[in-house]
Amino acid sequence: MVAGLLETPAAIATFRRDLLAWYRANRRQLAWRQSRDPYHIWISEIMLQQTRVDQMGVYFTRFLQAFPTVFDLAAASEDQVLKAWEGLGYYARARNLHKAAKQIAAQGGQLPDTYEGLLELPGVGPYTAAAVSSIAFDRDHPVLDGNVERVLCRLLRIEEDPRKGAVKATLIAAGEKLLAPGQAGDFNQAMMELGARVCTPAKPRCGECPVAAACRAFAELDDPALLPRKAPRKARPHYQVAAGLIWKGEQLLIAQRPSEGLLGGLWEFPGGKQEEGETLEQCLAREIREELAIEIEVGERLAQVEHGFTHFSITLHAFRARYLSGEPQTIGCAAWCWVEPAALGQYAFSRADRRVIEQLETLSTGDKP
Ligand code: SF4
């Protein structure tokens, strides 16, 4: 149900016209918006799920250089895909992209061209299916991401929390009604662009807004930024994590995480979460014993990195350590290997471990045990 200033067909037509005219005159020249290739659009929309637009260009270009077609992506190993994804985080996206590419390649290489068909692919939810079907194939499906949600809450003056299921359904219905038929790709991108650049979270620039005349929050509220109203999220727990830079001669031990779960398939300096009553050094020796069944001597702390995940955050303490005894086993990891420090760049690491490596590069060889 579209409420308020957007109730009549004439008002909706004016809204679409003003929004699309603004978008076509003002859109940013983003690398992935230059292409009409559905494969490129799909990759970009998966990347955009958790990545800021201004950080994405270099990753997008690098990924397509590595895998120019869906067949190249399907034929790659998971390690190669994770390496090309390195730095983007949320690695389940990369693993699903890889699975979906295999599925598409096995079916002839054409991306499904409908909303429903796209939803069948691993890693594609309602947002991505709407974005790809509208941008690549001009199917009439409205997108609802955080930017669009905010714009709609303000345009329609929706006072309830948009994360509630019923409110989300109202927003999707409103999006369907406002959508410009036959121009869904541009319309959706215009709504997202408006949210990103004009109708911003804290300080919407209503004076520059092309659809201010249709906006209830602008007409009726002292401060449109009061919307959307969201209940505060619970505080994320914080953990202390110890990791070992375990040397054996000139080589370091690295371990690969199990392929399912957080950071699945990535390589790491082995270690784990501190338990109550133990020091970080004790934690590290215990984790290494439990995960790899080897004994180490823990030395000094070399690096400390703060990192946030969706549901928790960590302080990662990286310790210098010396291998003592035992043959590593794959108890809590998928694989392990000893590598020269110069070869670390060939492996896909999480962002937190990559920052540890950057800090290590500033250490002299005299810091090794
Ligand atoms: Fe957002 Fe202001 Fe435009 Fe309304 S008028 S859509 S609050 S920028």
Side-chain angles (χ1 to χ4, degrees), residues 1-30 33 45 48-49 51-56 126-127 130-131 134-135 140-233:
M1 173 76 81
V2 176
L5 301 171
L6 283 166
E7 268 167 2
T8 65
I12 292 174
T14 303
F15 170 81
R16 290 173 182 156
R17 186 199 62 206
D18 292 346
L19 179 69
L20 287 168
W22 170 81
Y23 173 65
R24 287 168 182 153
N26 292 284
R27 65 179 135 199
R28 287 170 289 181
Q29 297 302 312
L30 304 169
R33 296 287 186 242
E45 289 303 332
L48 279 169
Q49 284 172 10
T51 308
R52 281 179 31 198
V53 165
D54 55 357
Q55 296 174 340
M56 209 186 97
Y127 164 76
S134 64
I135 297 170
D140 287 341
H141 280 282
V143 296
L144 189 64
D145 70 350
N147 281 323
V148 177
E149 184 182 275
R150 182 171 60 255
V151 172
L152 286 174
C153 281
R154 291 173 180 172
L155 281 171
L156 308 177
R157 193 175 168 183
I158 289 175
E159 305 264 352
E160 290 172 274
D161 188 336
R163 289 184 298 224
K164 288 186 188 161
V167 180
K168 216 171 252 304
T170 302
L171 293 174
I172 290 171
E176 280 167 358
K177 191 146 183 185
L178 293 177
L179 188 79
Q183 304 180 74
D186 272 5
F187 181 89
N188 282 334
Q189 291 179 85
M191 288 289 278
M192 292 189 276
E193 190 91 345
L194 187 74
R197 295 173 59 198
V198 178
C199 196
T200 51
K203 289 190 181 148
R205 296 206 290 275
C206 302
E208 300 166 28
C209 179
V211 293
C215 179
R216 281 192 65 186
F218 178 57
E220 299 168 16
L221 300 179
D222 288 340
D223 181 8
L226 292 173
L227 299 180
R229 291 189 203 281
K230 292 184 177 176
R233 287 186 189 276

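Ligands are counted one by one from 1 in listed order, and the atoms in each one are counted from 1 as well.
Atom OG1 of Thr14 and atom CG of Leu19 lie 12.0 Å apart (nearest 0.5 Å).
You'll find the side chain of Arg229 reaches within 4.5 Å of the side chain of Leu227, heavy atoms only. Inter-residue side-chain proximity for Arg28 and Arg197 is flagged as met; some heavy-atom pair is nearer than 4.5 Å.
For CZ of Arg233, the number of neighbouring non-hydrogen atoms (other residues, nucleotides, ligands) closer than 6.0 Å is 12 at most.
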How far apart are the C-alpha atoms of Glu193 and Arg33, what are their side-chain angles, what is the distance that settles it, and do they pass the salt bridge (charged side-chain N to carboxylate O under 4.0 Å, His left out) test? CA-CA 12 Å; Glu193 190 91 345; Arg33 296 287 186 242; over 6 Å; no
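Looking at Glu149 and Arg163, no side-chain N of the basic residue comes within less than 4.0 Å of a carboxylate O on the acidic one, giving no salt bridge.
Distances from atom 1 (Fe) of ligand 1 under 2.8 Å pick out these protein N/O/S atoms: Cys199 SG.
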